Amino acid sequence: MEEAVLVSKGLTKRFGGIVALRSVNFEVRRGEVVGVIGPNGAGKTTFVNCVTGVYKPDEGRVYFEGRDITGLSPHSVARLGIARTWQKIRPFYEMNPLEAVTVGALLKVGDISQARRVASEVLELVGFPKQKYHTPGRNLTLVEHKLVDLARALATKPRLLFVDEIVAGLRPQEIPAIAELIRRVNREEGVAIVIIEHVVKFIAEVSQRVVAMHEGRVIAEGSAEEVLTNPLVVEAYLGSRT
């Protein structure tokens, strides 16, 4: 079995009287693709925010490659090798895609020319149309913005990547290409990937293991079939065990 690249132990986060995470234990093995599902408010994005330094957990610890990274700043976490995309895209409207991805590459590459080369390579990897490398961000489509967001994260050369609802809002015919892209990034770049998504068919296709969350807790994990047929998961989504 591959060693764990990420481990959380007893991760808890409160917002006033609301407990968003309740003692979450979570593990990602090197090179693994893990899908995370759960209804709105399950704690999925809060978990990512605690790992990546956006939030500081109230209890528990986060370990990346054996190092305690609990409470580090987002910049420090990114430098260590954890990248993410965002549930709500954060486009650089006044930059073109090549410039936006170059910003990501500059996290670890000091030379601007080299950073541009890295950006160009990553845009090619994600299949972004070359004729649009210099198109202003405000003129891109939703799927193009999502590819730029993914490319910007990959340009930081992560060993662990969180992908938060990358197919949300996309047309059904656009989703298979994103699924193949995730598989290719995992296969060719060797990046461990955690995918948070509501599109269950997409999760089942790309994940080697699935984790279900509800009300801040992990309620099931295993293969896609095991998790999706688990009575606790069915109840969390449908409100009934029936």
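Atoms considered below: every heavy atom in the structure, side chains included; atoms not considered: hydrogens, waters and symmetry mates. The chain is numbered in sequence order, starting from 1. Just so it is clear, the model here is predicted, and its values are computed rather than measured.
- Donor-acceptor pairing under 3.5 Å is recorded for the side chains of Arg84 and Asn49.
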Take Ser207 and Val34 through the test side-chain contact (heavy atoms from CB on, under 4.5 Å) and record every step on the way to the result.
-> CA-CA 5 Å; Ser207 304; Val34 181; over 6 Å; no

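- Heavy atoms from other residues, nucleotides or ligands lying under 6.0 Å from CD of Glu225 number 12 at most.
- Distance check: Gln114 CD to Thr102 OG1 gives 11.5 Å after rounding to the nearest 0.5 Å.
- A donor-acceptor contact closer than 3.5 angstrom links the side chains of Thr45 and Asp164.
- Under the 4.0 Å criterion applied to side-chain N and carboxylate O atoms, Arg29 and Glu3 are not assigned as salt-bridge partners.
- The main-chain N or O of Gly137 is found under 3.5 Å from a side-chain atom of His145 such that the two form a donor-acceptor pair.
- Applying the salt bridge (Lys or Arg N to Asp or Glu O under 4.0 Å) rule to Glu165 yields no partners; only residues at least two apart in sequence or on another chain are considered.
- Taken from CG in Leu72 to OG1 in Thr52, the straight-line distance is 11.0 Å, to the nearest 0.5 Å.
- Residues Leu6 and Phe162 are in side-chain contact: their nearest non-hydrogen atoms beyond the backbone lie under 4.5 Å apart.
- Using a distance-only test at 3.5 Å, with no hydrogens or angles considered, no donor-acceptor pair links the side chain of Asn230 to the main chain of Ala220.
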For side-chain contact (heavy atoms from CB on, under 4.5 Å), just list the numbers for Arg184 and Leu125, CA-CA rounded to whole Å, side-chain angles, deciding distance to a tenth of an Å, and then say yes or no.
-> CA-CA 9 Å; Arg184 188 168 74 250; Leu125 172 67; 4.3 Å; yes

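- Between Arg209 and Glu32, at least one side-chain N (NZ, or NE/NH1/NH2) sits under 4.0 Å from a carboxylate O, which counts as a salt bridge.
- Between atom CD1 of residue Ile82 and atom OG1 of residue Thr156 there is a gap of 10.5 Å, rounded to the nearest 0.5 Å.
- Classification of Arg22 and Glu215 as a salt-bridged pair fails, no side-chain N sitting under 4.0 Å from a carboxylate O.
- Of the inter-residue distances, the one linking Thr70 atom OG1 with Leu11 atom CG reads 7.5 Å to the nearest 0.5 angstrom.
- Residue pairs meeting the salt bridge (Lys or Arg N to Asp or Glu O under 4.0 Å) criterion with at least one partner in residues 98-118, sequence neighbours excluded, are absent.
- Note that OG1 of Thr141 and CZ of Arg171 are 8.0 Å apart. Values are rounded to the nearest 0.5 Å.
- Cluster annotation: Ile195 and Leu147 are assigned to the same hydrophobic cluster (Ile/Leu/Val/Met/Phe/Trp/Tyr, side-chain heavy-atom contacts under 4.5 Å, transitive).
- Between Tyr133 and Phe128, the ring planes lie tilted relative to each other; the angle falls in the 30° to 60° range.
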Just do the side-chain contact (heavy atoms from CB on, under 4.5 Å) check on Ile178 and Lys146 with the steps written out, would you?
-> CA-CA 10 Å; Ile178 299 295; Lys146 294 199 176 220; 5.9 Å; no

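- Both tests pass for Arg152 against the ring of Phe92: distance under 6.0 Å to the centre and angle within 45° of the axis.
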Kindly determine whether Arg183 and Val206 satisfy side-chain contact (heavy atoms from CB on, under 4.5 Å), including the steps that lead there.
-> CA-CA 6 Å; Arg183 287 190 289 263; Val206 301; 3.9 Å; yes

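- Each of Lys9, Arg14, Lys13 was scored for a side-chain hydrogen bond (donor to acceptor under 3.5 Å, both in side chains) with Glu59, with one residue passing: Arg14.
- A donor-acceptor distance shorter than 3.5 angstrom exists from the side chain of Asn186 to the backbone of Val191, with no hydrogens or angles considered.
- Atom CD of Gln208 sits in a crowded spot, with more than 12 heavy atoms from other residues, nucleotides or ligands closer than 6.0 Å.
- Leu161 and Trp86 fall into different hydrophobic clusters, where Ile, Leu, Val, Met, Phe, Trp and Tyr residues are linked whenever their side-chain heavy atoms come under 4.5 Å apart, directly or through other members.
- The CZ atom of Arg67 sits 4.5 Å away from the CG atom of Leu80 when rounded to the nearest 0.5 Å.
- By the 30° and 60° cut-offs, the orientation of the rings of Phe26 relative to Phe47 is tilted.
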